[in-house]
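Reading through the structure tokens given below for one structure.
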Amino acid sequence: MKGPADPKACWGPGDWSGDAGRDLGLPGAFPFTRGIHPTMYAGRLWTMRQYAGFGTAEETNARFHQLLGAGQTGLSTAFDLPTQMGYDSDHPMAQGEVGRVGVAIDTVDDLALLFRGIPLDRVTTSMTINATAGILLAMYVVVGEEQGVARGRLGGTVQNDILKEYIARGTYIFPAEPSLRLAVDLFRFVAAEGLAFNPISISGYHMREAGATAAEELGFTLANGLEYVRRAVAAGLPVDTFGPRLSFFFAAHNDLFEEAAKFRAARRLWARLVRERFGAGDQTARLRFHTQTGGVTLQARQPLNNVVRVTVQALAAVLGGTQSLHTNGYDEALALPSADAATLALRTQQVLAHESGVTTPVDPLGGSWYVEALTDRLEAEARAIVDEVDQLGGSARAVERGYFQERIARSAWALQQRQEAGEQVVVGVNRFTDDAPAAGVELPDFAALAGRQHERLAAARAGRDAGAVARTLEQVRTAATGSGPLIEPIIDAVRARATLGEVSDVLRSSWGTYDGR
């Protein structure tokens, strides 16, 4: 059988060895190859969830309102590096980074400003945050309280996937074991409080961006998912109490059919794995995922070509049955997307949803000899990766041994060699080039932005009850050094207006930090 990305492949009935009854089933039924709902988009469209976050809470709030006004159906928040790394904006480690790649959040009042005029019981919010995910969700709960929204009405997703930070992204703080404890405690809290929140978004996206192949993205992600399930079960949580709230996050790259098949294979393999290993029911076996078009595929040269790339990638996600989608702006290889680029990215999804006809069939590619063979191949390759990780003792041990990191490095190097040799065409970069200079961009005044954030933070510290802050932070310390719940004392601390950095510092002093080795 020829390789799945071979452009000369011409599949026929004899090339597809899958058992259609076993592997496909019906839409909405185990093993969910054809989609997690019987009617898929004919019953309900995917959520159009454009990622936004830059500068201050006021600026991001304005972009949120602009996107909602343009027809976006869910919010997705990017946080700056100090927020992701557990530093307040006035910390020396935050210098030069405040507001650069996302919004700066120091206190619960910053988060309230971020969602000003947006009722939290009427939108779902995704938060791309990992090491400090518990702190940000705690702040979100308090903002909801102060809006008068019951916890059960709060909906969205918090990324909370610390394993892929050690593998590919790097915004870790604490060692793996306490980090995993914190991540799993968030599972417990969400289930116990009845939040309509996904307590984790198990992410292949960042590993793919770092250079993993489609099969590696799939295998690594599901291996990490199994690690989280094992940890939660070991902590005493029955799998079907938290399993239905697990969510996943994948990239969509340029190979239309391979990407669509990857999503179909992901559903089928996850359903089989959690049933085989944990006896999970259908709600846990039903893999739900968000997709983002491939940031690493965007090019600074001839940036309007990125409009086409994003459209192809978005189509792959829809053909593959995504539940939620972010489409990148064409200018993101240069800077954070402009308002016009962000609106065009959203319009791309709306054209697909309302003009292309792709939402009418439940599984548009189902039964294609080529796509079914790709689906089989990707499932088999990903399962082999999951088995390798199991032999190493699971994802946490595989991270310690450098297994993921080494495989990604090899795959990234091979891709770079193919592109530099011209074997893999990148339009406008290694073929069909011109002499036009790359477009320039105008960057915000980040020094002034940081100054405003410092002033707000100083005012917040001056206006709070210092005694209440000290007491609640000590409760966080007691929880961290013990074995009890973590999220509830963190909620009490941020309600008292302890800062994100202060809570993180208590955890650092209790658990230490991870140095990447």
Side-chain angles (χ1 to χ4, degrees), residues 50-67 75-116 125-133 135-136 139 159 165 169-173 206 209 292 295-296 298-300 303 306 326 328-343 345 437-462 499-505:
Q50 293 297 100
Y51 191 46
F54 46 89
T56 63
E58 297 101 321
E59 291 169 306
T60 305
N61 176 262
R63 178 61 63 87
F64 280 167
H65 280 283
Q66 179 258 324
L67 288 167
L75 299 176
S76 184
T77 310
F79 298 95
D80 71 358
L81 283 176
T83 303
Q84 295 181 52
M85 298 297 293
Y87 294 114
D88 289 332
S89 295
D90 59 358
H91 192 283
M93 289 293 289
Q95 186 173 354
E97 292 293 344
V98 176
R100 279 190 178 266
V101 298
V103 61
I105 299 293
D106 294 314
T107 71
V108 72
D109 293 318
D110 289 333
L111 202 69
L113 187 55
L114 180 66
F115 294 104
R116 183 174 58 188
T125 301
S126 175
M127 295 189 283
T128 302
I129 198 77
N130 295 284
T132 55
I135 303 171
L136 266 295
M139 288 184 176
Q159 194 162 95
E165 297 298 325
R169 191 162 176 268
T171 62
Y172 46 72
I173 302 173
H206 306 91
E209 292 285 285
Q292 181 172 337
V296 75
L298 301 177
Q299 304 298 327
N306 295 328
H326 166 92
N328 290 329
Y330 67 83
D331 55 3
E332 286 189 55
L334 304 166
L336 290 167
S338 63
D340 286 345
T343 300
V441 295
E442 183 177 341
L443 296 176
D445 184 346
F446 286 109
L449 183 154
R452 294 194 299 274
Q453 190 67 18
H454 292 174
E455 291 171 3
R456 179 182 299 150
L457 181 54
R461 288 193 181 116
T499 69
L500 175 136
E502 289 166 341
V503 176
S504 299
D505 284 344

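Both backbone and side-chain heavy atoms feed into the values below; hydrogens, waters and symmetry mates do not.
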**Request:** Answer whether the closest heavy-atom distance between the side chains of D109 and R456 falls below 4.5 Å.
**Result:** no
**Fill in**
Scanning both residues in full, the closest heavy-atom pair of A345 with N328 reads CB-O, 3.5 Å
**Asked** Among R461, Q453, H454, whose side-chain hydrogen bond (donor to acceptor under 3.5 Å, both in side chains) with D88 holds?
**Response** R461
**Asked** Sequence neighbours excluded, which residues qualify as side chain to side chain contact (heavy atoms under 4.5 Å, CB included) partners of T60?
**Response** F64, V103, L114
**Request:** For A94 and S89, work out which heavy atoms get closest and say how close.
**Result:** CB-O, 3.7 Å
**Message:** Testing the basics here: between M139 and D106, what is the closest heavy-atom pair and its distance to 0.1 Å?
**Reply:** CE-O, 3.7 Å
**Prompt:** If you take all heavy atoms of M85 and I173, which pair is closest and at what distance?
**Reply:** O-CD1, 3.2 Å
**Message:** Distance check, rounded to the nearest 0.5 Å: Q159 atom CD versus N130 atom CG?
**Reply:** 4.5 Å
**Message:** Please enumerate all residues that pass salt bridge (Lys or Arg N to Asp or Glu O under 4.0 Å) together with E455, with sequence neighbours excluded.
**Reply:** none
**Message:** Please report the interatomic distance CD(Q292) to OG(S76), rounded to the nearest 0.5 Å.
**Reply:** 7.5 Å
**Request:** Evaluate side-chain contact (heavy atoms from CB on, under 4.5 Å) for Q66 paired with T343, printing each intermediate quantity in order.
**Result:** CA-CA 9 Å; Q66 179 258 324; T343 300; 2.7 Å; yes
**Request:** Quick one: pull up CD1 in I105 and CG in L111 and give me the separation to the nearest 0.5 Å.
**Result:** 5.0 Å
**Prompt:** Got a donor-acceptor contact below 3.5 angstrom from the E165 side chain to the T171 backbone?
**Reply:** yes
**Message:** According to side chain to side chain donor-acceptor pair (under 3.5 Å), who are the partners of E97, at least two apart in sequence or on a separate chain?
**Reply:** none
**Step-by-step side-chain contact (heavy atoms from CB on, under 4.5 Å) determination, F115 to T125** = CA-CA 10 Å; F115 294 104; T125 301; 3.7 Å; yes
**Prompt:** So how far is it from Y172 OH to Q84 CD, rounded to the nearest 0.5 Å?
**Reply:** 13.5 Å
**Fill in**
Rounding to 0.5 Å, atoms CG (D331) and CG (D340) come to a distance of 9.0 Å
**Request:** Specify the closest pair of heavy atoms between A78 and V101, including all atoms of both residues, with the distance to one decimal.
**Result:** CB-O, 4.0 Å
**Closest non-hydrogen atom pair, D110 against A57** = O-CB, 3.4 Å
**Prompt:** Sequence neighbours excluded, which residues qualify as side chain to side chain donor-acceptor pair (under 3.5 Å) partners of D80?
**Reply:** T83
**Prompt:** When rounded to the nearest 0.5 angstrom, what is the spacing between NE2 in H91 and CG in L457?
**Reply:** 12.0 Å
**Heavy-atom donor-acceptor pair, E332 side chain to G295 backbone, under 3.5 Å** = no
**Fill in**
Those residues at least two apart in sequence (or on a different chain) that pass salt bridge (Lys or Arg N to Asp or Glu O under 4.0 Å) with R100 are none
**Item:** Partners passing side chain to side chain contact (heavy atoms under 4.5 Å, CB included) against A460 (at least two apart in sequence or in another chain)
**Value:** T107
**Item:** More than 12 heavy atoms of other groups within 6.0 Å of Q95 CD
**Value:** no
**Message:** I'd like to know if the side chain of H65 and the backbone of R116 have a donor-acceptor N/O pair within less than 3.5 Å.
**Reply:** yes
